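There's a structure below that I have some questions on.
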2 protein chains.
Amino acid sequence: MEQTTAEKILDVAQSLVVAGGYNGFSYADISDAVGIRKASIHHHFPTKAELVQVLVDRYTQRAESGLKSLREHVPGPVEQLQAYLNYWQKCILDASEPFCVCAVLAAEIQMLPDHVASHVRRHFENLAAWLTSVLKAGAEQKLFRLDKSPEEEAQILMACVHGAMLSARALGHPDLFAAIVGPQLARLRA
Amino acid sequence: MEQTTAEKILDVAQSLVVAGGYNGFSYADISDAVGIRKASIHHHFPTKAELVQVLVDRYTQRAESGLKSLREHVPGPVEQLQAYLNYWQKCILDASEPFCVCAVLAAEIQMLPDHVASHVRRHFENLAAWLTSVLKAGAEQKLFRLDKSPEEEAQILMACVHGAMLSARALGHPDLFAAIVGPQLARLRA
DNA sequence: ATTTATCTACCTACTAGTAGGAAGACGCAA
DNA sequence: TTGCGTCTTCCTACTAGTAGGTAGATAAAT
């Protein structure tokens, strides 16, 4: 077996969350897509809250290790940031993952189960921290020219990325992502 | 009577949408909050899709007339933009409307009823158009210095605003909105 | 022999939505 | 003014369908 049932469930659930948020899908939807009965999903993930929590956890960990390996394997801070933005641009353009799981969930965070909400928040913190460290490194090497502190610039950049995803989705115009995010990177470069 | 039942329903529904999106509330929730029976809501709004469509329509119209009156009654483009950002900053800080209705809905636009989705898209178009015209006017008066076209700068700004809302909500830190959006205005000023 | 994964069958609570009626408000004619 | 029909609003009572979740059996794997 190349992929466990639990992983199939998580994959399907993730794309359903990306499409419509926490309340936008049901166990029946997963059941249909995976090809097992509804009750079998409960065997792997007793409750929906638990399922989404695991899903967000997996997403956060993957993101963290992906970002970490960018820092390790991509030469300079400018290129690291570019690679991050390229990743999302590709995901949006080919519609493979047209939105960040945690961004959708953040929009409805007020009515999310507590555990899910805190995991979503943590992803935002991790991403902001990563951007901060890249910007800081770039500024020290005089590759970036920051108007504000690395922390603040990271928050601005993160907001632009999420906002760009939202605009691209709302206006049904995937190219908007690059059009919004590109100039932001350009303006940071020294 | 100072407020009709239909208006009460729309008000309650709007704050429920802001909190949890299209699938984050039910007629029963509205029923509880307004103090009428579930069936009575169907009298005013036969279907949920219709209710949300009217709600988005009302929201879009209010936004449009609000933005229009800013352009008419606030002296200069810089101040008009500032007033728009101040409005949202106030809404977020006092938690009276901590998120844009259309931004929440945009996040789940893929599974929204068609009519609702198109109304949401139109709000994004309207807002982008307003920002474009303010930026264009400001650039002509040498009050703004734009790196890109007014259209592109408007998209960037709109994305920042929505992203800032999202970050403020996700991180539970309302001040973040101003911290993100403030510098963006500052950098546009000539 | 126990654990794991799946199934059928079911439950309760809730979903959006409907049917039909009661109470009142409206205008209008005698 | 009274009385009549109509329209609006809200109600109780209901429907069919779906939500998340459970119980218990079966079969295979360890």
Side-chain angles (χ1 to χ4, degrees), chain A residues 1-58 104-105 108-117 119, chain B residues 1-17 19-58 104-105 108 110-117 119:
Chain A
M1 195 192 294
E2 68 268 340
Q3 195 187 26
T4 68
T5 304
E7 277 167 346
K8 280 187 217 164
I9 292 170
L10 286 171
D11 284 351
V12 167
Q14 175 161 328
S15 66
L16 289 170
V17 167
V18 167
Y22 187 87
N23 290 299
F25 75 100
S26 73
Y27 269 41
D29 296 326
I30 300 174
S31 165
D32 288 345
V34 175
I36 67 174
R37 299 287 135 173
K38 223 173 38 122
S40 307
I41 304 170
H42 283 284
H43 169 72
H44 296 279
F45 305 98
T47 68
K48 190 181 184 182
E50 212 165 318
L51 164 60
V52 176
Q53 188 192 315
V54 172
L55 156 60
V56 171
D57 225 32
R58 189 185 68 151
V104 201
L105 293 174
E108 49 187 2
I109 205 164
Q110 298 203 12
M111 42 126 283
L112 253 38
D114 285 348
H115 279 79
V116 177
H119 283 236
Chain B
M1 197 191 296
E2 69 268 343
Q3 195 189 24
T4 68
T5 303
E7 277 167 347
K8 280 187 218 164
I9 293 170
L10 287 170
D11 284 351
V12 166
Q14 175 161 329
S15 65
L16 289 169
V17 166
Y22 187 87
N23 290 299
F25 74 100
S26 73
Y27 271 40
D29 296 326
I30 301 174
S31 166
D32 288 345
V34 175
I36 68 174
R37 299 285 134 172
K38 224 175 36 121
S40 306
I41 303 170
H42 283 284
H43 168 72
H44 296 279
F45 305 98
T47 69
K48 191 182 184 182
E50 212 165 319
L51 164 61
V52 176
Q53 187 191 317
V54 171
L55 156 60
V56 171
D57 224 34
R58 190 186 68 151
V104 201
L105 293 175
E108 48 187 3
Q110 298 203 12
M111 43 126 285
L112 253 38
D114 285 347
H115 279 79
V116 177
H119 284 236

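The structure displayed is predicted, hence computed values, not measured ones. The chains referred to below are lettered A, B, ... by the order of the sequence lines, with proteins before strands, and numbering in each begins at 1. Computed from heavy atoms alone, side chains included, the values below leave out hydrogens, waters and symmetry copies.
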Discussion item. Under 4.0 Å from OP1 or OP2 of D:dC10: is there any side-chain N or O of B:H43 that close?
Written reply: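 The answer is no; no side-chain N or O of B:H43 sits under 4.0 Å from OP1 or OP2.
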Practice prompt. Nearest whole angstrom, please: distance from the C1' of D:dT8 to the CD1 of B:I9.
Written response: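 Between C1' of D:dT8 and CD1 of B:I9: 13 Å.
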Item to complete: Compare every heavy atom of A:A49 with every heavy atom of A:V116, then report the nearest pair and how far apart it is.
Response: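 The pair with the smallest heavy-atom distance is CG2-O, 3.6 Å.
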Practice prompt. Quickly work out the A:K48 NZ to C:dA13 C1' distance and round it to whole Å.
Written response: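 So the two atoms are 15 Å apart, to the nearest Å.
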Worksheet item: Under 4.0 Å between a side-chain N or O of B:S26 and OP1 or OP2 of C:dT15?
Response: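 True: B:S26 side-chain N/O within range (under 4.0 Å) of C:dT15 OP1/OP2.
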Fill in: Minimum heavy-atom distance B:I30-B:V12, with the two atoms named
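Reported closest heavy-atom pair: CA-CG1, 4.1 Å.
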Discussion item. What is the separation between atom NZ on B:K8 and atom C1' on D:dC10, rounded to the nearest whole Å?
Written reply: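 Spelled out: NZ on B:K8 to C1' on D:dC10 is 12 Å.
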Worksheet item: Taking all atoms of both residues into account, what is the closest heavy-atom pair of B:S40 and B:I36, and its distance?
Response: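 Closest pair (atom of B:S40, atom of B:I36, distance): CB-CD1, 3.6 Å.
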Worksheet item: Got a sec, which pairs hit ring-ring contact (aromatic ring centres under 6.0 Å, His included) with one end in residues 24-44 of chain B, sequence neighbours left out?
Response: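 ring-ring contact (aromatic ring centres under 6.0 Å, His included) check on residues 24-44 of chain B returns B:Y27-B:H42.
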Item to complete: Please work out which residues in residues 32-41 of chain B have a non-hydrogen atom less than 4.0 Å from an atom of DNA chain D and list them by number.
Response: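 Only B:I36, B:R37, B:A39, B:S40 qualify.
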Item to complete: Respond yes when some side-chain nitrogen or oxygen of A:H42 is under 4.0 Å from OP1 or OP2 of D:dA23, and no when none is.
Response: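 Checking D:dA23 against A:H42, no side-chain N or O comes under 4.0 Å of OP1 or OP2.
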Worksheet item: B:I30 CD1 to D:dC10 C1': how many Å, rounded?
Response: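 Taking CD1 of B:I30 and C1' of D:dC10, I get 16 Å after rounding.
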Worksheet item: Think B:T5 has a side-chain N or O under 4.0 angstrom from the OP1 or OP2 of D:dT9?
Response: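 Result: no.
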Worksheet item: Atom CZ of A:F25 and atom P of D:dT18: how far apart are they, to the nearest Å?
Response: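 Atom CZ in A:F25 sits about 17 Å away from atom P in D:dT18.
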Fill in: Heavy-atom closest pair, residues A:L105 and A:L112
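It is O-CD2, 3.4 Å.
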Worksheet item: Of the non-hydrogen atoms in B:E108 and B:N23, which two are nearest, and what is the gap between them?
Response: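 Reported closest heavy-atom pair: OE2-N, 4.3 Å.
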Fill in: Nearest-nucleotide pick for A:H44, side chain only, options being C:dT6, C:dA16, D:dG21
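From the listed options, C:dT6 comes nearest.
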Practice prompt. Let me know the distance between CG of B:N23 and P of C:dC14, rounded to the nearest Å.
Written response: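 In whole Å, C:dC14 P lies 17 Å from B:N23 CG.
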Practice prompt. Compute the angle between the rotation axes at the two ends of the helix from C:dA1-D:dT30 to C:dA30-D:dT1, each taken over five pairs, rounded to 10 degrees.
Written response: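 Here the helix ends are tilted 10° relative to one another.
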Fill in: Donor-acceptor contact below 3.5 Å, side chain A:K8 vs main chain A:G35
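Checked: no pair found.
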Discussion item. Rounded to whole Å, please give me the gap between OH in A:Y27 and P in D:dG17.
Written reply: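 It is 25 Å, rounded to the nearest whole Å.
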Worksheet item: Taking all atoms of both residues into account, what is the closest heavy-atom pair of A:E7 and A:R58, and its distance?
Response: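 That would be O-NH1, 4.2 Å.
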Item to complete: Rounded to the nearest 0.5 Å, what's the gap from NZ on A:K38 to OG on A:S26? Could you check?
Response: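 Reported to 0.5 Å precision, the distance equals 8.0 Å.
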